[in-house]
Amino acid sequence: IQKGIDDVSAAGGGRVVIPAGRFVTGILTLKSNVDLHLEKYAVLAGSTRRTDYGPSSHASALLVADKATNISITGNGMIDGQGEALLKDIYVMLHAGTLQDKEWQTENPWHQVRPEEENRPKIINFNNCDKVTIKGITLRNALCWVQRYNKCSNILMDSIEVESNVYWNNDGVDFVDCKDVKLTNSFFNADDDGICLKSEDRNSHCENIYVANCVVRSSANAVKLGTASWGGFKNITIKDIKVFDTFRSAIAIECVDGGVLENVDVRNIKATNTGNAIVVRLGHRNKDSVVSQLRNVYIGNMEVEVPKTKPDIGYNME
């Protein structure tokens, strides 16, 4: 598969087709001007051997790209991270002492002994890429964040389905300091935040983000800005979202690391069996003297049903 991607990119671009069937792979690097296309009934499955994601405790994602332009993953097929089987292999390595993990060796703040996030592979991790399209595919069973787009621009994500409840820290999608993003017509069922915007760089921010016509189920928050908010968020539109069986908030807007959050428009949200309607938080979690700012936030036309009982009873990792 990697040779196909390399050859097509070297030839100037084109499509690499994953046909119907099940294909197990290790790390794949997407290159400029390549469309990785999964046909109907195609399953691209991640290896269940932790060593296939790199020897260190910083696991690579299954699909990676760095400084690539005009890349896409399309079609009606599925990418399966096989997280449950992969987790078993990680535990074998941790017990044998062949894999190092700081959270495994010391109890974390949540008083749980578990492999740290960086030791668990994501499905997609794109860095500094431009013109990114993710369309039509299904993503399942990631062991960490399902997909992370870091400092990417001109992202179109449409009509995808995300099913990921294998383990903790399992966000459906994370846009980190990204610009000009359009996410529409998609479904997310995730253990952690469903749709999440983050800012991890004081000198950058998320800007011009449009999220509309999506359905979200989460054992955390359905749609969240933050909590990582070092640079901030500007010009964010979230509309026509349906939320169900979600433990925390339908909408969470949080700026706590010294960033600037401004010009956020949230409207037409319908949430059923959800723990909380809205949380808006301005805080000072960062250790330096930079003070966070939060302004010009509009929230309108929300209908939320909060149950007496726990909203995510029965879901894996509830």
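Residue numbers start at 1 and run along the sequence shown. Keep in mind it's a predicted model, so treat the numbers as computed, not measured.
In summary, Asp265 and Lys239 do not engage in a salt bridge, as defined by a charged side-chain N under 4.0 Å from a carboxylate O. Of the charged side-chain nitrogens involved, at least one lies within less than 4.0 Å of a carboxylate oxygen, so that Asp80 and Arg22 count as a salt-bridged pair. Using a cutoff of 4.0 Å between basic side-chain nitrogens and carboxylate oxygens, Lys102 and Glu116 are scored as salt-bridged. Looking at Glu207 and Lys234, no side-chain N of the basic residue comes within less than 4.0 Å of a carboxylate O on the acidic one, giving no salt bridge.
Side-chain contact check for Ile269 versus Val223: every heavy-atom pair is 4.5 Å or farther apart. Between Ile209 and Leu225, every side-chain heavy-atom pair lies at or beyond the 4.5 Å cut-off.
Val43 is not connected to Val162 by any chain of hydrophobic side-chain contacts under 4.5 Å among Ile, Leu, Val, Met, Phe, Trp and Tyr, and they are in different clusters. Connection of Val266 to Val297 is established within a shared hydrophobic cluster, with ILVMFWY side chains joined at heavy-atom distances below 4.5 Å, either directly or through further cluster members. By the criterion of side-chain heavy atoms lying less than 4.5 angstrom apart, applied directly or through intervening Ile, Leu, Val, Met, Phe, Trp or Tyr residues, Leu28 is grouped together with Val16 in one hydrophobic cluster. When the side chains of ILVMFWY residues are joined at heavy-atom separations under 4.5 Å, either directly or via intervening members, Leu63 and Ile5 end up in a single hydrophobic cluster. With hydrophobic clusters built from ILVMFWY side chains whose heavy atoms lie under 4.5 angstrom apart, Ile155 shares a cluster with Ile123.
Judged by distance alone, the side chains of Ser204 and Arg202 never bring a donor and an acceptor atom under 3.5 Å apart. Judged by distance alone, the side chains of Asp158 and Asn185 do bring a donor and an acceptor atom under 3.5 Å apart. Side-chain atoms of Ser164 and Asn170 form a donor-acceptor pair, as typed in the model, at a separation below 3.5 Å. Side-chain atoms of Tyr315 and Asn165 form no donor-acceptor pair, as typed in the model, at a separation below 3.5 Å. Under the 3.5 Å distance criterion, with hydrogens and angles disregarded, no donor-acceptor pair is assigned to the side chains of Asn213 and Asp240. Side-chain contact check for Asp257 and Asn286: no donor-acceptor pair (N or O, by modelled atom type) lies under 3.5 Å.
Checked against Asn70 for a side-chain contact (heavy atoms from CB on, under 4.5 Å), the options Asn33, Asn154, Thr133, Asp130 give a single hit: Asn33. Exactly one of Arg140, Glu163, Glu161 qualifies for a side chain to side chain donor-acceptor pair (under 3.5 Å) with Asn189. That residue is Glu163. Test Tyr210, Phe233, Phe126, Tyr149 against Phe175 for ring pair (Phe, Tyr, Trp, His ring centres under 6.0 Å) and you get one pass: Tyr149.
When all heavy atoms are compared, the tightest approach of Ser249 to Ile278 is OG-C, 4.4 Å. Closest approach of Pro307 and Asn273 over heavy atoms only: CG-OD1, 3.1 Å.
Between the Thr25 side chain and the Gly46 main chain, no donor and acceptor come within less than 3.5 Å of each other. For Ser9 (side chain) and Asp7 (main-chain N/O), no donor-acceptor pair under 3.5 Å exists by modelled atom type. In this structure a side-chain-to-backbone donor-acceptor pair under 3.5 Å is missing from Glu305 to Ala271. A side-chain donor-acceptor contact under 3.5 Å links Asp177 to the backbone of His205. Side-chain atoms of Arg120 do not come within 3.5 Å of backbone N or O of Cys144 as any donor-acceptor pair. In this structure, the side chain of Glu84 does not engage the main chain of Asn141 through any donor-acceptor pair within 3.5 Å. Checking side-chain atoms of Ser159 against main-chain N and O of Lys135 turns up no donor-acceptor pair under 3.5 Å. A donor-acceptor contact shorter than 3.5 Å links the side chain of Ser199 to the backbone of Gly232. No donor-acceptor distance shorter than 3.5 angstrom exists from the side chain of Arg285 to the backbone of Ser229, with no hydrogens or angles considered. Counting only distance, with no hydrogens or angles, the side chain of Asp193 and the backbone of Ile195 share no donor-acceptor pair below 3.5 Å.
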- After noting the C-alpha distance and the side-chain angles of Asp89 and Thr48, does the key distance pass the side chain to side chain donor-acceptor pair (under 3.5 Å) rule? CA-CA 7 Å; Asp89 188 60; Thr48 58; over 6 Å; no
- Message: One pair to check against side chain to side chain contact (heavy atoms under 4.5 Å, CB included): Tyr53 and Leu62. What are the steps and the verdict?
- Response: CA-CA 7 Å; Tyr53 299 90; Leu62 179 64; 4.1 Å; yes
- Under the side chain to side chain contact (heavy atoms under 4.5 Å, CB included) criterion, do Gln2 and Thr29 qualify, and how do the steps go? CA-CA 7 Å; Gln2 186 64 61; Thr29 302; 3.9 Å; yes
- Task: Decide side chain to side chain contact (heavy atoms under 4.5 Å, CB included) for Met157 and Gln147; before the verdict, give the C-alpha distance in whole Å, the side-chain angles of both, and the deciding distance to 0.1 Å.
- Result: CA-CA 12 Å; Met157 183 174 290; Gln147 43 187 335; 3.4 Å; yes
- Task: Would you sort out whether Glu262 and Arg295 count as a salt bridge (Lys or Arg N to Asp or Glu O under 4.0 Å), showing the intermediate values?
- Result: CA-CA 5 Å; Glu262 62 183 355; Arg295 56 180 174 253; 2.8 Å; yes
- Take Asn127 and Asn150, measure what side chain to side chain donor-acceptor pair (under 3.5 Å) needs, and give me the verdict at the end. CA-CA 5 Å; Asn127 293 297; Asn150 178 54; 3.1 Å; yes
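Lys122 meets the salt bridge (charged side-chain N to carboxylate O under 4.0 Å, His left out) test with no other residue; sequence neighbours excluded.
In the displayed structure, Tyr41 atom OH is contacted under 6.0 Å by at most 12 heavy atoms of other residues, nucleotides or ligands.
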